[in-house]
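Take a look at the structure below.
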Amino acid sequence: MRIVVQEQPFDFGAEAAAFATNRHDMGAVVTFTGIVRDISGDLSAMEIEHYPGMTAKALEKIAAEAASRWSLGDALVIHRHGRMVPGEMIMMVATAAPHRADAFEAAEFLMDYLKSRAPFWKKEIGKDGSAWVAAKDADEDALTRW
Amino acid sequence: MRIVVQEQPFDFGAEAAAFATNRHDMGAVVTFTGIVRDISGDLSAMEIEHYPGMTAKALEKIAAEAASRWSLGDALVIHRHGRMVPGEMIMMVATAAPHRADAFEAAEFLMDYLKSRAPFWKKEIGKDGSAWVAAKDADEDALTRW
Amino acid sequence: MDVLYFAWVRERIGIPKETVDTQAGTVADLVAELAAREDRYAAAFADTSALRVALDQELSDFDASLTGVREVAFFPPMTGG
Amino acid sequence: MDVLYFAWVRERIGIPKETVDTQAGTVADLVAELAAREDRYAAAFADTSALRVALDQELSDFDASLTGVREVAFFPPMTGG
């Protein structure tokens, strides 16, 4: 299980390939990648603030919880902070499990918890000003299914 | 939407990275990778037979169904046939969507249908003989949730 | 009409494909005709609940009509992914 | 006790961190004490239902005790992923 919090970009292809390689006893690997999305067409950048002392701790707790609930061979979480432009990757998770249902569910669980329980805050920098992204009720509600 | 059926290995990292790159309007990319798994420790190889005339047609139908049900920006299916050893990748799917729930659900839907509705058959070649993999009731049951 | 066999159906019958001259109206009629031929066919078609059928490369049913069909394929439940 | 602010809480109060000398027994007591200081604090803490609190880097509640706590952080609901 590897947890990485960093400012610089990560190499999604290389990370995904390394994660999925030499898994002789794991039939299923799922990855999720979050990308800076420009919905309105006027987003200049996304700035992600985080709470350095708490971030790795919170992610490790979430990953350990996933490992205790599903039959997981391995998990990976990479989350960036700082400034990113549309199209850039913000974060990724990966899960490896003997069976696909476990790999899918654990990845969705990691994402749901990471969205609402890991100390990151997104600010959208537009051409006409900037605004903190509001938490969605749907994201909080998503936690109730686990 | 790209559907690939081939005998040779594919480069999962390169495919995943290419699929997730330059998606300015898609916030979420999910990939699933199926790997030859050696559960008992005596699997020499997996042989996958397919029905060439039907395979691409069946996969396209499944992918089109996914695109009609979810708000998907793109989907990719790569499935191999022929002989593979434990640890080798058998197939992958990838989905890109504005929101993570759509990307996850469409990828799971693709996998469930691909398992039971695309004309591939797996044969396990062990040290003491070979056997066709039996379809699991759970895989057929998985279709009922969609 | 071309008849194709895959996986253990192919292994039991011993050939991947053959051309069959038949007046069978439905898939079930064709199965009955083939099963009556030889033991290897009878063995392959002993339990059609364990089989799937595709007509012109689309999944179909054993009670489907063969009118206009050029290619019939028999195989066990798929196990891809 | 170190008190940290993140995202718009940090922007409203105008500083990311400060050391606070307090006898507050609970998070709510500390919030009342800070809100009474100046308008910028009052604005930041106007609606605590829109805030989250972490004690020594673990998510907690506004009625939690501050006994033994060295670091308190206030921030809006998280929006990572």
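In this text, all values refer to a predicted model and were calculated from it rather than measured experimentally. In what follows, chains carry the letters A, B, and so on, assigned in the order in which the sequence lines appear, proteins first and then strands, with residues in each chain numbered from 1.
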Legend entry - Atom group of B:Ala107 that falls short of 4.5 Å from chain A, counting heavy atoms: both

Inset, instruction - Taking all heavy atoms of B:Ala17 and all of A:Phe12, pick out the closest pair and write down the distance. - result: CA-CD2, 4.0 Å

Legend entry - B:His24 vs A:Glu88 side-chain heavy atoms within contact, under 4.5 Å: no

Inset, instruction - Answer yes or no: does atom CG of A:Asp137 have more than 12 heavy-atom neighbours from other residues, nucleotides or ligands under 6.0 Å? - result: no

Legend entry - Flag side-chain contact, heavy atom, 4.5 Å: B:Glu105 against A:Glu108: no

Legend entry - Winner by heavy-atom pair count (cut-off under 4.5 Å) against chain A, out of B:Gly27, B:Pro86, B:Ala28, B:Gly87: B:Gly27

Legend entry - Minimum side-chain heavy-atom gap A:Phe104-B:Val30 below 4.5 Å: yes

Inset, instruction - Applying side-chain contact (heavy atoms from CB on, under 4.5 Å), run through B:His99 and A:Arg37 and close with a yes or a no. - result: CA-CA 10 Å; B:His99 298 289; A:Arg37 187 161 74 101; 3.2 Å; yes

Inset, instruction - Under 4.5 Å heavy-atom distance to chain A, tell me which part of B:Met111 shows up: side chain, backbone, both or neither. - result: both

Legend entry - Proximity breakdown for A:Asp11 and chain B, heavy-atom pairs closer than 4.5 Å: neither

Inset, instruction - Using non-hydrogen atoms and a 4.5 Å limit, figure out which bit of A:Met92 sits close to chain B: side chain, backbone, both or neither. - result: neither

Inset, instruction - Would you indicate whether A:Lys61, at its atom NZ, is surrounded by more than 12 heavy atoms from other residues, nucleotides or ligands within a distance under 6.0 Å? - result: no

Inset, instruction - For the pair B:Asp139 and A:Arg100, find out whether any cationic side-chain nitrogen is under 4.0 Å from an anionic carboxylate oxygen. - result: yes

Legend entry - Among the listed options B:Ala96, B:Ala14, B:Ala20, the residue most often paired with chain A at heavy-atom distances under 4.5 Å: B:Ala20

Legend entry - Close side-chain approach of A:Ile35 and B:Val29, heavy atoms under 4.5 Å: yes

